[in-house]
Each structure stands twice: as structure tokens, then as C-alpha cells.
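What follows is a single structure, written as C-alpha cells, with notes after it.
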There are 2 protein chains.
Amino acid sequence: MFSQSEENYIKTIYHLSIDFDGGISTNAIAKQLSTKASSVTDMVKKLSEKEVVVYKKYQGVTLTDFGKKVAASIIRKHRLWEVFLVEKLNFSWDEVHEVAEQLEHIKSPKLISELDAFLGYPKQDPHGDPIPDADGNIHQIEKKLLSLLTIGEKGVCVGVDDTSSEFLKFLDKQGIGLGNSIKIVEIEPFDGSFVIEVNEKVLTISNKIASNLYIQKR
Amino acid sequence: MFSQSEENYIKTIYHLSIDFDGGISTNAIAKQLSTKASSVTDMVKKLSEKEVVVYKKYQGVTLTDFGKKVAASIIRKHRLWEVFLVEKLNFSWDEVHEVAEQLEHIKSPKLISELDAFLGYPKQDPHGDPIPDADGNIHQIEKKLLSLLTIGEKGVCVGVDDTSSEFLKFLDKQGIGLGNSIKIVEIEPFDGSFVIEVNEKVLTISNKIASNLYIQKR
DNA sequence: ACTAATTTTTAGACTCACCTAAAAATTGAA
DNA sequence: TTCAATTTTTAGGTGAGTCTAAAAATTAGT
């Protein structure tokens, strides 16, 4: 069994490993968890004794296969709770994270399997991220950043990269949500901003916004 | 804000205060929490600094009005989660306690008010215990131990005193549940056992069982 | 009322997760 | 390649919450 603190480290290392391959630096982990590199060194030694990570001094850490399974189970809980909060308790997608951070640490296999069934075995969380299955397998759907599309291309909004409250509130205000069809009308060469058509409305979004929206072409 | 440990002490002191009035001894708290009296003394000093309890050396502790409010809010969360587990996630009433012990510490006012609404503002938990309202008021329903009734009296089963898994499983096996109408057919003078009629069936229960079942006369 | 038994508190120590400050290793720039 | 900047680790310390053992206070038996 892992403490809440250990679980937070495991989850963080997992997330950092997605964009970066090779050892994750103690500094990167420290920054993500708002703690100090020295604290990370301590924890990482403990996790390596528990066979969750491989750690060589000054080389950063990588998750073992076991560690990846543990991470997947924490993320599974986190995302299932997010679905619950949005679908059943009227939370908006920018309010769920903080509470899910707490709920993900509840220990009860029955709770999670029943919650999964109660929610109808959802495959994605409210931000479009995949929910790992009970065995820890993650089925990532085919998706592309909106900013990589060209004029005339169409697709469906299936996720966001940045999940900050400010960004999600902005999307709500613009009327952009998961499942919406989006068509690229124009790309401004000067600043890379995009003119898109969504929900029968035409609007302009900055390149930064476009670089945080995932589109599935289908 | 209180730590999980502090919350567990506050809840325990509250529960112990129901059956004994006057100061609750450190020993009683220690036994309930499976810890040592010396640890209790430490915590109780801290809680008294936070104005949650009144503590005089060697005199035991009592909750302040503020402490009672805090206790009620923890118990409210615990019981709402119990209802959720039984009504929505197919837990049986003997499985809920352990998980609710974890869930009761989740911090989010919105979570609890939305959960309350989602469950249809329940007034009792699965064991028949009252759910405190958002202001900390507890509306205890009128009830009596079955063992205090006499031959011919009738009532409805509204709660249990002992909530141990063994007892609850026993009740399930006998077909006794909340809401069932119960009639006293006979009382055995020799051992004080009761012959009762419930769900059109007649069965005999020991005095010990009868002393753990609450009946509402209506 | 006076011991004896029990309860409660104090004192000191432990683990966990964190910190700061300094030392050591790595990296990068001229 | 060398040395300065950066990163990482070590060393030592803190607070929360727990423990054991011993001291102090209370309660109970005669």
C-alpha cells in the first residue's frame, strides 16, 4: 500500500514521462509538486526500494512496469471521479481537479469497480483524457493538436492539453466543448491565429489556444 | 481546517459523549481509536488550543459548541457517503463503514451539498441514524429498543445500535431490515428472548439481539 | 484515612514527509 | 579543456502523530 504522498509522486513521474523520455529529473518533479529537489531525492530513494521506480544518482528516475501499473490505477480513480463529479454532481470541468486529487487516494477496489459500472464504463474523462481500464491499460484515442491542421480540415474536439481553470472557462465562454465539430476556415500568417467554425459560429482563436485543443479527424 | 487525525478524534469524542455525560476519559478515547492514552493526551491538548474541546488535566474532555458543529459536519459527510454507497453503488449495509471512514475526510463544501441533492436529501443513513443538516442540527427520530417493548406492541424497525458486520449480516439472514413492521408475539421469561412477527414470518431472537434493534411506534 | 490499584500525564524517542544549507557531481561556455 | 553555473545529493533539523516507560494524580478497598 502507498501513502498519499507516495501516490502523488508516482502519478507526477508518470505524467512527466509522457512528454519526456529518459530519466525524469528531481528538479522537474520538485517543480511539479511544489516541493524541493532534496525532498524528491528522499522520496525517490524510498520508491526505488519499493520497486516502483529505477533510480540512479544524478540520472533521474523512470517507472518500473509495476510503477506504471500503480500510476494507471491512481489515474483511473482520478478520472472516474472526475466523470462522477461532472455527470452526477453538476461540477463544471474546471472545478473537478482539486476534489478528484483527494478522491483518487480512497482505498477500496469495490468502490472503484462499482463507480465505473454506475457511470456506464466511461472511456474518457471530462477533459477528453482516456480512463485506464482495471488492468492498467490506457487506450489513447487518435488525436491531433488543432494548431497542426490546415485550412479546410474538419474534426471533432476530443480533448484539451492545458486543463487550467482559466483555459477551460475561456472555452466555455467561447462555446467550445468536447464533441463539437470544428472546421478550419482560415489561418492568419502574421500571428498564426485560427479562424474556425464551431456550432455554426465563426470565431478567431489565438495560436496558443489552438495549441491546447485536441481534434480527432473522423 | 483539521487534519484527518484531528477529525477522527473529534468524531470519536462526539460519539462517546452520547452515552456518557461529563468529561470523556483519555482511556476511553484511546480504546475507541486503538491508540495509547499518552497519544490522546497530546492530541487533546492541541484540540483544546483550537477551542474544539474543553480539557482539564485528569478530568477528561468535552466538546465546545464549535466542536459539536465540527463533529456534526464530519458525521454528516460520513452518513451521506454511506447512503451513496448503498443506494447507488450496491454496497450492503455492513460494507459501508470502512469506505465512509475515508470519504468523510474529503474537503469540498460543494461536493457535499451536491451529493446531498443527488441523493434526494436523505434524512437517515443505511443503519437508521440521522444525517445532520448543513447547519449541524441533528434531528433524532423517536425510537425505542425492541427489548423495552411488551407483548402485543407493534412498531417499525428504524435502526440498529450495534453496527458490526456480524450483527448486520445476521439481520440480513433473518430477513430483518429497516422499515419492516415488527410485532411482539411473546417474551420468554427464562432468558428474555423475544418471539416476533416480521414480514409475515414468526421468529425467535435472543434478548441481546432485541437490545440492539430500534423500533419506532407509529 | 491510608495504601494499593488504576488512570493519566510527562519525558524522551521514533517515523514520515518536509525543510535549509552546504557539498558533490554534472553541464556548458569560452 | 577548464572552470563557472547549475543540478543533485547529503547532512542535519522540524513538526505531526505516534510509541514506551516512568512519574504523578486519582480512585477504591478496607
Side-chain angles (χ1 to χ4, degrees), chain A residues 1-14 16-17 19-63 67 70-71 74 101-102 104-105 107, chain B residues 1-13 16-17 19-63 67 70-71 74 101-102 104-107:
Chain A
M1 230 12 67
F2 297 98
S3 69
Q4 294 203 184
S5 192
E6 287 171 330
E7 290 192 350
N8 286 334
Y9 276 89
I10 295 167
K11 195 181 50 158
T12 297
I13 295 166
Y14 179 89
L16 290 172
S17 302
D19 322 276
F20 197 88
D21 53 40
I24 305 301
S25 74
T26 49
N27 245 4
I29 298 167
K31 183 182 271 183
Q32 196 69 25
L33 287 172
S34 309
T35 181
K36 297 293 144 77
S38 54
S39 309
V40 175
T41 303
D42 286 351
M43 181 58 92
V44 141
K45 281 178 180 169
K46 192 162 54 138
L47 291 177
S48 119
E49 249 144 54
K50 292 192 178 184
E51 321 243 291
V52 172
V53 300
V54 175
Y55 166 62
K56 287 253 171 64
K57 277 188 195 178
Y58 298 100
Q59 316 284 171
V61 287
T62 44
L63 287 170
V70 176
I74 300 164
E101 286 284 304
Q102 298 178 62
E104 73 189 4
H105 301 297
K107 264 104 182 154
Chain B
M1 240 357 79
F2 297 98
S3 70
Q4 294 203 184
S5 193
E6 288 171 328
E7 289 192 349
N8 285 334
Y9 276 89
I10 295 167
K11 195 182 51 161
T12 298
I13 295 165
L16 291 171
S17 302
D19 318 285
F20 297 96
D21 53 36
I24 305 302
S25 75
T26 48
N27 244 4
I29 298 168
K31 183 182 269 181
Q32 195 69 25
L33 286 171
S34 309
T35 181
K36 296 295 145 73
S38 54
S39 308
V40 176
T41 303
D42 286 351
M43 181 58 93
V44 141
K45 281 178 181 170
K46 191 162 58 136
L47 291 178
S48 119
E49 248 144 55
K50 293 192 177 186
E51 320 245 289
V52 172
V53 300
V54 175
Y55 167 61
K56 287 255 171 64
K57 277 188 193 176
Y58 297 100
Q59 316 283 171
V61 287
T62 44
L63 288 170
V70 175
I74 300 164
E101 287 284 304
Q102 298 179 62
E104 74 190 3
H105 300 297
I106 303 293
K107 263 104 182 155

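First the proteins, then the strands, lettered A, B, ... as listed; each starts at 1. Only heavy atoms go into these numbers, but all of them, side chains included; no hydrogens, no water, no symmetry mates.
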Exercise. Taking protein heavy atoms under 4.0 Å as touching, what does nucleotides 5-10 of chain D look like 5' to 3' if B marks base contact, S marks sugar-phosphate-only contact and - marks none?
Worked result: --SBBB

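Annotation: side chain of V61(A) is in contact with side chain of I29(A) (closest heavy-atom distance under 4.5 Å). Inter-residue side-chain proximity for S3(B) and Y9(B) is flagged as unmet; no heavy-atom pair is nearer than 4.5 Å.
Within the 4.0 Å cut-off from OP1 or OP2 of dC18(C), not a single side-chain nitrogen or oxygen of K36(A) is found. Of the side-chain N and O atoms in S5(B), one or more sit less than 4.0 angstrom from OP1 or OP2 of dT18(D). One finds no side-chain N or O of Y9(B) lying less than 4.0 angstrom from the OP1 or OP2 phosphate oxygen of dA16(D).
Whole-Å rounding puts the I29(A) CD1 to dC18(C) C1' distance at 16 Å. Across the protein-nucleic acid pair, M43(B) atom CE and dT10(C) atom C1' stand 18 Å apart, rounded to whole Å.
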Exercise. Given the rule in the side chain to side chain contact (heavy atoms under 4.5 Å, CB included) test, do L16(A) and F20(A) qualify, once you have shown the distances and angles that lead to the verdict?
Worked result: CA-CA 6 Å; L16(A) 290 172; F20(A) 197 88; 5.9 Å; no

Exercise. Is there a side chain to side chain contact (heavy atoms under 4.5 Å, CB included) between I24(B) and S17(B) once you walk through the steps?
Worked result: CA-CA 7 Å; I24(B) 305 302; S17(B) 302; 3.7 Å; yes

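Applying the salt bridge (Lys or Arg N to Asp or Glu O under 4.0 Å) test to residues at least two apart or on different chains, the pairs with a partner in residues 2-12 of chain A are E6(A)-K46(A), E6(A)-K50(A), E7(A)-K107(A), K11(A)-E101(A), K11(A)-E104(A).
The side chain to side chain contact (heavy atoms under 4.5 Å, CB included) test applied to K57(A) returns Y55(A), not counting sequence neighbours.
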